[in-house]
Amino acid sequence: MLNPDSAQTKHPKKPRAIPPNVKQMREIMEKALDGGDPKRIEAQRAKGKFTARDRLHYLLDEDSFQEQGLLVTTRCADFGLKDKHIPGDGVITGFGKISGRQVCVFAQDFTVLGGSLGLAHAMKICKVMDLAYENRVPLIGLLDSGGARIQEGVDSLDGYAEIFYRNVKCSGVIPQISVILGPCAGGAVYSPALTDFVFMVEGTSHMFVTGPEVVKAATGEVVSFDHLGGSMAHASKSGVCHMVAASEQDCFRQLKELVSFLPLNRWERPLRVANPDPVRRTTPLLEALCEVDPRKPYRVHHIIWQIADEHKFFEIHANFAKSIVVGFIRLGGDVAGVVANNPAHKAGALDIDSSDKAARFIRFLNAFNIPILTLVDVPGYWPGVDQEHGGIIRHGAKLLHAYSEATVPKVTVILRKAYGGAYIAMSSKHMRGDFNFALPCAEIAVMGPKGAVEILYSRDIAAAEDKDALREKLSKEYQERFASPYQTASTGSVDEVIEPTQIRYKVIRAFKFLYDKRKPGEHSNRGNIPL
Ligand code: HXC
């Protein structure tokens, strides 16, 4: 056997000459790995942005990245592109690992033709999307692009269409995450919008269908990039963005944490981790909640922290539709999704945006085998002409649809108020909640006591000498009769009125029992359509 390093080699070792074809290969690869023009790279860094390769370095486990298509380049020669052919065509694609688990990735390189998307660029992205789909691993896209490559005309648009088609095909099959790390303009915004989670970085990420110049020309409105399509605009107003990061590094940290809660695909469960937090840890804050004035607002986060393993809650969409809170926790080591009314905003009422926000999250959880914990403190639907004309009926219906179709384990705890249609919507028993608990301070009824007595006893109140005294008496009677958990428990619509201090234990025990309710992959495939 030919073995140049063998001790049996008769002649002293001579340094071997590198074969010319290997030398040529190394030169080609080295040049290709350089990316864009050094000036462009400098400009990128000056904006506080990493290069595409730096980003993959920060995101993926060390030495785990395997690139695909490094030498792919555009075949288009029009409008001066002939002299600008760059290997890789402005996007890096391949697979790697995050905390030891496989993912597929693409990272657009703004230093090469502004990260613009031509046909070869699009086909590289499509290839890695197919790889993710066929191998059932999450897909993460790092976007930093001027949009459709103008020189390549309709080929670029067709490239986008191929990506959008695959985004929809992957929807509900593998988790898809988009990270906006620069511009994302024109129709390009629709790929992230089709994915499950969108991250943006303060100051450097922008998304818009038409930029400030076009807006000015079309409507006369003068608006800055940030105001129109910056991270906070999309995190708090449009709801396009789920997670805002202070920097790219912060963004990758958050992204890795999110990935830790997700299964690789719809046939798997999320990872179970060791849980150092006692399952029987008591929850005294819940007892305190039963003492306070039921009209007093509070942030439901405190309740979630109290229930969750190690008091940790990974919130999603924190700046959008704040009257409902959604995110991930662990319970006894297993991942659960939380959907909770938040009395600190709009008294926790359901409105258009909160219905959309919760419904889409529930659909994600159901697609990816993640049980749902629902915490209810809802006075009803937010009233108003804006809400009615904006379609609260249409949007509110999405929440009913999402909870009804969800077949993952569902545990509901009514903390305080649960009134009317909003009671039904929040994973009530007859919407197929598996275990529905209520605290002793729960008020469950068709409507609040004040409104109810005005309708039921209008004539008596009109005839009474001391109207307020009568109102108060009737309200109290109504409250005792209907707006308590016991009436509902007597009909079985609440399974149990529970000790407030035992809520963590009760919920964990319920989910452990429900663990095998549905085998991953047994459910019919439903896409996570943007709602
Ligand atoms: C080709 C592009 C490009 C594009 C940028 N570049 N966008 N090349 N097609 N869409 C090139 C620039 O010519 C420049 O090349 C380099 O990228 C960097 O761009 P700059 O403008 O110098 O950078 P900056 O000042 O940071 O501005 C970034 C930008 C701006 C805001 C993104 O480039 C811009 O407005 N681009 C167009 C954005 C846009 O309207 N896109 C929508 C296209 S239509 P050199 O050679 O100088 O380095 C679309 C429809 C898709 O996307 C529909 C899908 C369904």
Side-chain angles (χ1 to χ4, degrees), residues 61 95 97-104 132-140 170-177 195-197 242 254-277 279 304 307-310 312-316 326-340 358-375 402-412 427 432-435 504-528:
D61 295 353
F95 61 87
K97 286 185 178 172
I98 293 180
S99 305
R101 298 163 82 217
Q102 225 41 273
V103 293
C104 281
Y133 180 82
E134 282 158 17
N135 293 282
R136 303 176 173 186
V137 299
L139 175 76
I140 299 171
C170 291
S171 184
V173 179
I174 51 170
Q176 300 182 84
I177 304 171
T195 63
D196 302 306
F197 300 103
H242 298 85
Q254 290 189 41
L255 175 55
K256 287 185 209 189
E257 197 173 345
L258 171 64
V259 171
S260 76
F261 289 104
L262 310 182
L264 297 185
N265 55 56
R266 68 181 284 263
W267 294 274
E268 291 186 12
R269 298 177 198 268
L271 286 182
R272 175 180 280 176
V273 302
N275 166 42
D277 196 354
V279 165
I304 301 171
I307 298 171
D309 286 359
E310 299 183 274
K312 285 184 188 159
F313 174 44
F314 187 81
E315 190 173 358
I316 304 285
V326 303
F328 296 101
I329 58 172
R330 286 198 172 81
L331 288 170
D334 285 318
V335 174
V338 181
V339 178
R360 186 144 199 254
F361 187 64
I362 291 160
R363 298 200 77 233
F364 177 84
L365 300 175
N366 190 46
F368 291 103
N369 311 307
I370 304 174
I372 306 169
L373 172 65
T374 304
L375 301 176
Y403 266 126
S404 297
E405 76 170 347
T407 52
V408 285
K410 290 180 280 189
V411 175
T412 304
S427 199
R432 301 300 183 268
D434 293 299
F435 288 108
R504 171 173 157 82
Y505 176 55
K506 282 282 186 187
V507 164
I508 293 178
R509 200 159 68 160
F511 278 128
K512 293 281 181 214
F513 174 80
L514 295 166
Y515 189 74
D516 280 321
K517 180 189 168 197
R518 182 185 94 176
K519 292 232 166 359
E522 263 182 1
H523 54 298
S524 62
N525 179 22
R526 292 212 168 89
N528 186 24

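Considering only residues two or more places apart in sequence or on other chains, Tyr505 meets the side chain to side chain donor-acceptor pair (under 3.5 Å) condition with Arg280, Arg509. Phe197 is linked by a ring pair (Phe, Tyr, Trp, His ring centres under 6.0 Å) to His242, Phe364, counting only residues two or more places apart in sequence or in another chain. Evaluation of the salt bridge (charged side-chain N to carboxylate O under 4.0 Å, His left out) rule for Arg269 yields Asp516 as partners, not counting sequence neighbours. By the salt bridge (charged side-chain N to carboxylate O under 4.0 Å, His left out) test, Asp309 is found to be paired with Arg504, residues two or more places apart in sequence or in another chain being considered. Legend: residues meeting side chain to side chain donor-acceptor pair (under 3.5 Å) with Ser171, ordered by chain and number and at least two apart, are absent. For the side-chain contact (heavy atoms from CB on, under 4.5 Å) test, residues two or more places apart in sequence or in another chain that qualify with Arg518 are Asn366, Asn369, Thr407, Val408, His523. Considering only residues two or more places apart in sequence or on other chains, Pro270 meets the side-chain contact (heavy atoms from CB on, under 4.5 Å) condition with Pro263, Val335, Ile370. Partners of Phe261 by ring pair (Phe, Tyr, Trp, His ring centres under 6.0 Å), not counting sequence neighbours, listed by chain and number: Phe314, Phe328. For Arg363, the side chain to side chain donor-acceptor pair (under 3.5 Å) partners at least two apart in sequence or on another chain are Glu405. Ala132 meets the side-chain contact (heavy atoms from CB on, under 4.5 Å) test with Cys104, Val137, Leu139, Ile174; sequence neighbours excluded. Applying the side chain to side chain donor-acceptor pair (under 3.5 Å) criterion to Lys256, with sequence neighbours excluded, gives no partner residue.
Here the closest non-hydrogen pair linking Ala358 and Val339 is CB-CG1, 4.0 Å.
For residues 326-335, the salt bridge (charged side-chain N to carboxylate O under 4.0 Å, His left out) pairs, not counting sequence neighbours, are Arg272-Asp334, Asp334-Lys512.
The shortest distance between side-chain heavy atoms of Ile177 and Val103 does not fall below 4.5 Å. At a threshold of 4.5 Å between non-hydrogen side-chain atoms, the residues Lys517 and Asp434 count as touching.
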